Enquirer: 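Could you have a look at this structure, given as structure tokens, before my questions?
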Amino acid sequence: QVQLVESGGGLVQTGASLRLSCAVSGRTFSIYAMGWFRQGPGKEREFVAAITWSGGTTYYADSVKGRFTISRDNAKDTVFLQMNSLKPEDTAVYYCARSRGISRSDYQYDYWGQGTQVTVSS
């Protein structure tokens, strides 16, 4: 049984930083790409960032490029999302997900976490 558990969300002010973590159960974490998505209030779920199994390739949404950094620690079965210079429009529930290959499309991901709330106040 594969489980993904996000943590690290919270309420911060504009310009602050947060680091999200996603702990993944299962023995094959290291062979999967991982992604972060988010869903803001009244909005569709959108892609944020993704990383290959090796960490050698990353993708970012234009809206977060230069502010967010995705990384992973395969020894700890964990993927991270470092979020800097947060803006009110970053307010959303953030989800991590697993995919066989790096992708910006949510339908390529087969397992999802329950999400963690990030709220950025102005």
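The shown structure was predicted, so the numbers you read here are calculated from the model rather than taken from an experiment.
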Enquirer: Tell me whether Ser105 contacts the main-chain N or O of Tyr107 through its side chain, where contact means a donor paired with an acceptor under 3.5 Å.
Expert: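 Looks like no, no N/O pair under 3.5 Å.
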
Enquirer: Is there a donor-acceptor contact under 3.5 Å from the side chain of Glu6 to the main chain of Leu20?
Expert: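 Looks like no, no N/O pair under 3.5 Å.
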
Enquirer: If you look at every heavy atom in Ala50 and Ser103, which pair is closest and at what distance?
Expert: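 Closest pair (atom of Ala50, atom of Ser103, distance): CB-O, 3.8 Å.
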
Enquirer: How about Trp53 and Met34: do any of their side-chain heavy atoms sit closer than 4.5 Å?
Expert: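 Side-chain contact under 4.5 Å: no.
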
Enquirer: Does a side-chain heavy-atom distance below 4.5 Å link Leu86 with Leu18?
Expert: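 They are in contact (side-chain heavy atoms under 4.5 Å apart), so the answer is yes.
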
Enquirer: Cationic tip of Arg19 within the cone over Phe80's six-membered ring, i.e. under 6.0 Å and within 45° of the normal?
Expert: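 The answer is yes; both the distance and angle limits are met.
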
Enquirer: Could you go through the side chain to side chain contact (heavy atoms under 4.5 Å, CB included) check for Tyr60 and Val48 one step at a time?
Expert: CA-CA 6 Å; Tyr60 294 96; Val48 175; over 6 Å; no

Enquirer: Taking the ring centre of each residue, are Phe68 and Trp36 less than 6.0 Å apart?
Expert: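 Not under 6.0 Å, so no.
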
Enquirer: When rounded to the nearest 0.5 angstrom, what is the spacing between SG in Cys96 and CD1 in Ile70?
Expert: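 The CD1 atom of Ile70 is 9.5 Å from SG of Cys96, to the nearest 0.5 Å.
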
Enquirer: Within a strict 4.5 Å, meaning less than it, do heavy atoms of the Val24 and Gln3 side chains meet?
Expert: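 They are not in contact (no side-chain heavy atoms under 4.5 Å apart), so the answer is no.
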
Enquirer: Just checking, Arg104 and Tyr59: is the charged tip under 6.0 Å from the six-membered ring centre and within 45° of the axis?
Expert: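 Judged by the rule (NZ or CZ under 6.0 Å from the ring centre, within 45° of its axis), Arg104 counts as positioned above Tyr59.
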
Enquirer: Would you call Gln39 and Glu44 a side-chain contact if the rule is heavy atoms closer than 4.5 Å?
Expert: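 Answer no - side chains too far apart.
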
Enquirer: Side-chain heavy atoms nearer than 4.5 Å, only ILVMFWY residues, links allowed to pass through others: does that put Val93 and Trp112 together?
Expert: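 Shared cluster, yes.
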
Enquirer: Does Phe47 share a hydrophobic cluster with Tyr111, counting links as ILVMFWY side-chain heavy atoms below 4.5 Å and allowing steps through other members?
Expert: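 Cluster IDs for Phe47 and Tyr111 differ.
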
Enquirer: So, Gln117 versus Thr119: side-chain donor-acceptor pair below 3.5 Å or not?
Expert: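 Yes, Thr119 and Gln117 have a side-chain donor paired with an acceptor closer than 3.5 Å.
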
Enquirer: Nearest heavy-atom pair of Leu81 and Tyr94: which atoms, and what distance?
Expert: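 Nearest pair, atom of Leu81 first, then Tyr94: CD2-CD2, 4.1 Å.
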
Enquirer: Do Arg38 and Val118 have side chains that get closer than 4.5 Å, going by heavy atoms?
Expert: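 Result no, sub-4.5 Å side-chain heavy-atom pair not found.
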
Enquirer: For residues Thr78 and Ala23, report the shortest heavy-atom separation together with the two atoms involved.
Expert: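 Shortest heavy-atom separation between Thr78 and Ala23 comes out as OG1-CA, 4.2 Å.
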
Enquirer: Give the cluster check for Met83 versus Tyr95: same hydrophobic cluster or not, with ILVMFWY residues linked at side-chain heavy-atom distances below 4.5 Å.
Expert: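 No, no single cluster joins them.
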
Enquirer: When you measure from the side chain of Ser85 to the backbone of Gly15, do you find a donor-acceptor pair of N or O atoms at a distance under 3.5 Å?
Expert: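 Not at all, since once roles are kept as given, no pair shorter than 3.5 Å links the two residues.
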
Enquirer: Measuring centre to centre across the rings, with the benzene-like ring taken for any Trp, is Phe37 within less than 6.0 Å of Tyr109?
Expert: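 Judged by ring-centre distance (under 6.0 Å), Phe37 and Tyr109 do meet the cut-off.
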
Enquirer: Could Arg67 and Asp90 be called an ion pair, given the rule that one side-chain N must be under 4.0 Å from one carboxylate O?
Expert: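 Salt bridge between Arg67 and Asp90, a charged N being under 4.0 Å from a carboxylate O: yes.
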
Enquirer: Measure across Tyr32 and Arg72 and return the closest heavy-atom pair with its distance rounded to 0.1 Å.
Expert: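 Here Tyr32 and Arg72 meet closest at O-NH1, 2.7 Å.
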
Enquirer: Got a donor-acceptor contact below 3.5 angstrom from the Ser99 side chain to the Gln108 backbone?
Expert: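 It does hold such a pair.
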
Enquirer: Which heavy atom of Val120 sits nearest to which heavy atom of Lys87, and what is that distance?
Expert: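 Nearest heavy atoms, Val120 then Lys87: CB-O, 3.2 Å.
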
Enquirer: At their closest point, which heavy atom of Gly101 faces which heavy atom of Ala33, and how far apart are they?
Expert: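 Closest pair (atom of Gly101, atom of Ala33, distance): C-CB, 3.6 Å.
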
Enquirer: With distance as the sole criterion, is a donor-acceptor pair present between the side chains of Gln82 and Asn84 under 3.5 Å?
Expert: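 Gln82 vs Asn84: donor-acceptor pair found between side chains.
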
Enquirer: Looking at Lys65 and Asp62, is any side-chain nitrogen of the basic one under 4.0 Å from a carboxylate oxygen of the acidic one?
Expert: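 Salt bridge flag = yes for Lys65 with Asp62.
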
